[in-house]
Enquirer: 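So that we are looking at the same thing, I have put the structure below in structure tokens.
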Amino acid sequence: MTLVGRGLVCSYGPTRALDGVDIVAGGGEIVAVVGPNGAGKTTLLRALSGERRPDRGDVLLDGSPVSGADPGWRGRVGLVSHRTGLYRKLTVAENLTFFAALHRISDARHAVARSLETVGVATLAKTRVEALSRGQAQRVALARSLLHDPGILFLDEPFTGLDPAAAAALESTLRARRAAGGVIILVTHELRRCLGLADRVVVLQRGHKVYDGETGSADAADLLRFFTATSSDAS
Amino acid sequence: MTLVGRGLVCSYGPTRALDGVDIVAGGGEIVAVVGPNGAGKTTLLRALSGERRPDRGDVLLDGSPVSGADPGWRGRVGLVSHRTGLYRKLTVAENLTFFAALHRISDARHAVARSLETVGVATLAKTRVEALSRGQAQRVALARSLLHDPGILFLDEPFTGLDPAAAAALESTLRARRAAGGVIILVTHELRRCLGLADRVVVLQRGHKVYDGETGSADAADLLRFFTATSSDAS
Amino acid sequence: MSTRARIAGLALVTAGVATILVTHWMMAFWVPSEAAQGVVQRIFYVHVPAAWTTFLAVGIVALASAVHLWLEDERADAAAVAAAEGALIFGAIMLITGPLWGRIAWGTYWTWEPRLTLTLLLWFTYLGYFLIRGSVADPRRGKRFAAVVAIVGSLNIPLIHVSVEMFRSLHPGPVVIKPEGPTLHADMLATLLTSLAGFTLLFLGLFTFRYAVERLRRRPLPAAAGEAGEALI
Amino acid sequence: MSELRRAWLITRKDLRLEFRTGGRLLSMIAFVVLAGFLFAFALDHNLVPGRDVAAALIWLVILFASTAGAGRIFDAEEEEGAFRHLLLTPVSRPAVFLGKTMANLIVIWLVTALTFISLTAFLDVRDQGSLTAHAAVLLPGTIGLAATGTFFGRMSRHSSLGDTLLPVLTFPLLVPVIYLGATSTARVLLERPWTEISGSVRLLWAFAVGSVFIGAALFRHLTDE
Amino acid sequence: MSELRRAWLITRKDLRLEFRTGGRLLSMIAFVVLAGFLFAFALDHNLVPGRDVAAALIWLVILFASTAGAGRIFDAEEEEGAFRHLLLTPVSRPAVFLGKTMANLIVIWLVTALTFISLTAFLDVRDQGSLTAHAAVLLPGTIGLAATGTFFGRMSRHSSLGDTLLPVLTFPLLVPVIYLGATSTARVLLERPWTEISGSVRLLWAFAVGSVFIGAALFRHLTDE
Ligand code: HEM
Ligand SMILES: Nc1ncnc2c1ncn2[C@@H]1O[C@H](COP(=O)(O)OP(=O)(O)OP(=O)(O)O)[C@@H](O)[C@H]1O
Ligand SMILES: Nc1ncnc2c1ncn2[C@@H]1O[C@H](COP(=O)(O)OP(=O)(O)OP(=O)(O)O)[C@@H](O)[C@H]1O
Ligand SMILES: [Mg+2]
Ligand SMILES: [Mg+2]
């Protein structure tokens with residue numbers, strides 16, 4: 001399984017958030033996407049997941065184009081975004097059960113319980129989301145993205161608000177999914193963590209890809225310098 | 001200048017989010033508050049800032065009680081919270097000018113320009129907040145909290161969404177404010193950063209304070225182990 | 001404090017009940033019947049004092065609530081709660097006697113005309129007063145919230161009073177409280193005032209009792225060791 | 001079949017949110033009852049019999065419920081950005097549209113029922129017209145308005161231009177519906193024979209079926225970027 | 001003085017948000033014009049002259065504007081949690097209340113003006129009553145409704161049960177206002193002498209002043225926890 005973004009261009013009105021970005025993510029690989037604020041990372045995930053059709057370029061899975069209009073594709077994708085994407089007035093369990101049903105999960109109750117277990121909030125199942133702390137809500141958002149066991153995961157700063165234990169648990173979950181052959185694209189600002197966790201790192205800057213390489217290679221340290229040196233302004 | 005929270009108890013219905021917490025923060029000191037998700041860190045900031053009156057206990061500044069009902073106190077406080085607290089349909093400059101005027105800042109235009117400069121989003125002044133990336137919005141939220149040059153800063157995971165450059169800039173801003181004698185209370189999950197930056201660290205767990213000590217002392221390493229070991233569940 | 005309150009409450013309730021018994025005697029044997037309605041009109045001596053006592057109680061709730069909001073004094077809140085219960089009780093008497101009278105005078109128990117509707121809403125507001133205290137998560141916030149409800153709800157009283165003139169209304173207009181002075185037979189007025197005195201005394205007695213009980217309930221319990229230690233910090 | 005079940009899941013979720021929030025429903029209830037009061041007291045019943053304004057008032061309230069609903073039906077979806085996650089599940093766009101329309105419709109029905117009660121209480125519009133006949137007129141009318149509300153509600157969320165365009169777009173659609181509905185209801189109130197009404201009702205059904213189908217078919221253009 | 005200036009800043013900010021969002025204003029405009037249409041077509045003008053329902057309709061629309069506004073006036077504040085930051089500035093609570101009430105009021109005025117235009121166009125209510133007299137009635141009425149709307153709008157945000165109580169609390173306050181307003185406007189339409197109206201207008205002013213003052217005084221209990 002290989003996910004490819006080819007020549008992706010995305011604009012918001014006059015702003016070109018992505019300006020011809022190519023990205024490849026193989027199965028069993030964690031690709032980290034880093035870059036200064038406003039570089040276009042979130043936009044890249046939106047384009048890859050099919051949420052937003054790119055103005056130019058296409059997204060291919062194993063060579064054939066995919067689109068957000070295709071339910072088959074949507075069923076294989078998991079997403080964590082900047083906001084939790086939960087209904088505040090519903091309880092944790094109601095939220096997850098709802099999404100599980102839309103994902104046609106047969107044994108929804110069991111899937112919900114298991115995914116809550118994974119992120120360590122099983123005892124909060126009957127709490128309304130509005131009564132959760134930031135980190136608890138983030139855990140539930142993670143649980144939702146894993147609910148249907150998606151082959152392809154898009155994670156936009158998933159460590160936001162997680163305490164060290166939850167972050168470690170998430171890391172090991174991601175490692176396990178990598179071992180199972182999943183495609184994982186991870187946006188983060190924590191360079192240390194991403195160098196430890198990811199197999200490859202892509203650096204975006206003003207909508208362009210400026211670096212793409214293995215994290216193990218010697219370039220990694222350069223990358224860190226390179227990245228911190230050039231990102232002094234977010235605009 | 002010394003800010004003291006004494007015997008703070010805060011409940012949300014049956015949930016006791018804070019259960020008798022004492023905290024002291026002197027001028028020229030950065031106090032980090034850490035702890036697992038749901039430990040009560042955000043609630044502690046809400047109680048200290050006067051946004052929520054504690055069920056029991058009180059908050060004292062230099063020995064005299066303060067309350068959110070007192071405009072004088074509110075004028076001295078800066079706050080960054082989990083959400084940006086900006087108006088999405090207003091531009092960055094409109095947001096900041098509005099808050100500057102409510103803070104009775106005489107030269108609002110200049111103050112706004114300067115604080116946008118500090119966080120590196122000066123060129124985005126005329127952009128609406130809804131068109132910002134997560135990190136750009138976080139920078140604006142930081143600019144707002146610094147606008148009126150507050151003596152007391154409450155920062156709830158202020159590094160969320162910031163790229164390494166912005167995070168470094170924030171660290172140096174905080175150091176400068178510490179040098180100027182400000183009180184800074186910083187909630188974060190990034191232990192490494194907080195050990196490097198803060199003078200003292202307070203660990204909360206299930207609404208109780210379980211540790212309080214200098215970051216420089218030998219206990220810091222223990223603390224790290226202690227904290228990561230006991231925070232396996234958020235609920 | 002609490003013994004004194006008990007004695008005062010008992011005295012007031014006794015006086016109230018005695019006066020009400022006198023009223024009943026007056027109603028039964030002394031006061032002349034009204035020309036148009038006959039005997040039925042005598043329910044007037046229960047209905048109107050009940051209404052006015054309700055107003056008094058609501059006034060006390062609003063006043064005490066305002067004081068509570070202003071000074072955050074627990075005693076004011078206790079007084080508000082005690083008076084609010086009185087408002088519910090005497091409001092219920094008014095809302096029961098009114099329809100009974102209406103069944104005979106108007107041929108219907110109830111109609112959606114302004115005074116009746118507003119009176120019913122007034123009663124619901126003070127039912128809500130209790131619901132809200134219990135249902136807001138933070139009890140202190142619940143109290144303040146209820147106080148706001150009580151104050152806003154009390155604005156209803158002047159409206160109820162003038163509603164008869166403002167709208168086309170079935171309900172009779174003022175016969176006692178009006179600029180020209182009462183237009184009521186002297187004996188009827190005397191009976192009414194006696195009854196009013198009885199209701200007021202009874203209300204004040206119940207109020208004193210309930211206030212004392214509320215104060216007792218809120219006194220911090222002789223706490224377990226841990227609790228007490230915590231309170232000392 | 002199973003897409004219909006999923007649509008129903010969305011309806012149930014929306015209704016749950018609606019009842020837990022309360023805001024919209026309660027402000028409508030307040031509005032309906034106050035409207036009843038207002039017309040009951042403000043009109044001189046010797047000059048204007050309640051029945052004559054009842055039909056217009058019923059449709060005004062239905063219009064209000066669907067107008068107010070149109071903007072708000074997507075509020076809870078956007079609160080924490082849940083809608084993009086909903087759209088990222090394999091659920092089909094017509095199912096999303098139907099689910100939301102159904103939720104909208106049920107709220108409109110509740111408000112309509114309340115309007116009848118309020119009118120009976122305040123305007124003395126009692127025992128006028130058979131309930132079946134009223135339902136026969138209201139059913140297609142409310143379905144049409146609910147579907148249009150959902151569609152344009154999403155449209156106004158979707159683009160800032162859509163918002164400004166909204167009245168311009170909705171008017172030509174809504175005016176005939178409201179007109180047909182109000183005149184039919186007035187005739188039902190006067191207990192006129194069904195043949196006088198059936199033509200309008202047929203048109204209302206055409207509008208209802210049309211807006212549901214067209215809405216379901218076009219909805220994906222409002223959700224997929 | 002300077003608190004008033006700050007209140008005005010809040011008003012300006014709210015209006016700016018209102019116009020940039022458009023939703024509320026536009027759905028009200030749609031509603032107003034459709035209401036005009038509806039009554040124009042639905043009523044038999046030989047039986048019911050437009051003038052007789054015009055007064056009730058005007059007040060119904062004002063009521064709608066303030067009811068719909070009541071819940072929504074705090075929506076933009078909560079979208080990204082801005083309100084707690086606003087409350088954390090040294091601005092006084094009465095200033096916040098006044099600022100929001102003023103914004104609410106201006107929107108209500110716009111909608112009212114539009115209603116007059118729409119009624120003139122559709123119901124043939126032309127040249128009836130002097131504009132000054134209409135304004136003299138509408139001014140206190142709308143002030144009172146705007147203040148009540150702001151107050152209860154915040155209250156319903158604050159507690160879940162408060163929401164359920166809302167209609168019960170608002171009714172007794174709103175019913176007399178609506179009634180006084182509608183009857184006075186009707187008399188202005190009939191060009192009755194001012195003495196027939198002045199009593200009601202005085203009561204409306206009492207309500208307006210009372211609700212602004214009480215709202216300003218109690219608002220802090222709805223904002224500070
Ligand atoms: C059906 C439910 C009724 C309710 C809720 C009700 C309520 C009230 C209230 C609240 C008052 C006090 C008003 C004030 O003094 O400002 C009052 C007074 C009075 N009611 Fe009723 N009432 C009802 C039925 C009736 C009926 C059927 C009659 C007689 C036909 C009646 C006759 C009176 C009279 C004579 C007064 C004293 C008026 C005055 O002097 O102010 N009521 N009622
Ligand atoms: N809805 C929008 N409308 C207009 N411009 C937008 C919008 N969203 C993002 N942008 C702009 O597009 C650019 C890229 O945004 P994007 O959110 O992809 O950045 P990012 O790399 O995710 O940044 P961050 O690290 O801050 O999350 C930024 O300049 C931003 O201002
Ligand atoms: N509005 C609320 N209603 C009810 N319970 C709440 C509410 N907010 C927080 N809680 C509960 O109070 C506890 C403390 O929450 P708080 O937000 O203070 O935690 P935190 O330490 O900031 O956690 P995090 O690291 O996840 O941000 C949690 O158990 C949470 O579920
Ligand atoms: Mg981003
Ligand atoms: Mg927190």
Side-chain angles (χ1 to χ4, degrees), chain A residues 12-13 15 17 34-43 81-83 92 116-117 119-125 127 130-140 156-157 159-169 187-193 205 224 227-235, chain B residues 12-13 15 17 34-43 81-84 92 116-117 119-125 127 130-140 156-157 159-169 187-193 224 227-235:
Chain A
Y12 302 100
T15 320
V34 301
N37 293 140
K41 305 180 293 299
T42 297
T43 311
S81 60
H82 284 309
R83 293 156 84 195
V92 168
L116 285 180
E117 205 80 50
V119 296
V121 288
T123 53
L124 294 174
T127 311
E130 62 185 344
L132 297 183
S133 78
R134 178 69 184 91
Q136 290 166 339
Q138 183 71 8
R139 289 167 181 230
V140 178
D156 201 352
E157 306 185 28
F159 296 98
T160 304
L162 296 184
D163 62 27
V187 171
T188 182
H189 290 295
E190 297 177 64
L191 288 178
R192 262 203 212 85
R193 174 169 277 145
Q205 220 173 48
L224 198 71
F227 174 48
T228 26
T230 52
S231 61
S232 54
D233 195 90
S235 44
Chain B
Y12 301 101
T15 321
V34 301
N37 293 141
K41 305 179 293 298
T42 297
T43 311
S81 61
H82 284 309
R83 293 156 86 195
T84 58
V92 168
L116 286 179
E117 206 78 51
V119 297
V121 288
T123 53
L124 294 174
T127 312
E130 60 184 348
L132 297 183
S133 78
R134 178 68 182 93
Q136 290 166 337
Q138 183 72 10
R139 289 169 181 228
V140 178
D156 203 351
E157 306 186 26
F159 296 100
T160 303
L162 295 184
D163 62 26
V187 171
T188 182
H189 290 297
E190 298 176 63
L191 289 179
R192 260 199 215 86
R193 174 169 278 146
L224 196 73
F227 174 47
T228 24
T230 51
S231 61
S232 53
D233 195 89
S235 42

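Each chain gets a letter, A, B and so on, in the order its sequence line appears, and its residues count up from 1.
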Enquirer: Just jot down the side-chain contact (heavy atoms from CB on, under 4.5 Å) partners of E190(B), sequence neighbours excluded, or say none.
Expert: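 In terms of side-chain contact (heavy atoms from CB on, under 4.5 Å), with neighbours along the sequence ignored, E190(B) is linked to F159(B), T188(B), R193(B).
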Enquirer: Per the side chain to side chain donor-acceptor pair (under 3.5 Å) rule, which among R139(A), Q138(A), Q136(A) passes with N37(B)?
Expert: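 Passing option: R139(A).
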Enquirer: Distance check, rounded to the nearest 0.5 Å: R134(B) atom CZ versus D156(A) atom CG?
Expert: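 Between R134(B) CZ and D156(A) CG, I get 10.5 Å after rounding to 0.5 Å.
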Enquirer: Kindly write out the residues that satisfy side-chain contact (heavy atoms from CB on, under 4.5 Å) with E130(A), not counting sequence neighbours, or none if the list is empty.
Expert: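 Testing E130(A) for side-chain contact (heavy atoms from CB on, under 4.5 Å), a comparison that skips the adjacent residues, returns R88(A), K89(A), R128(A).
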Enquirer: Kindly compute the distance separating NE2 (H82(A)) from OG1 (T160(B)), expressed to the nearest 0.5 Å.
Expert: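 Those atoms lie 11.0 Å apart.
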Enquirer: For chain B, which candidate among A168(A), S133(A), G161(A) shows the most heavy-atom pairs at distances under 4.5 Å?
Expert: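 It is G161(A).
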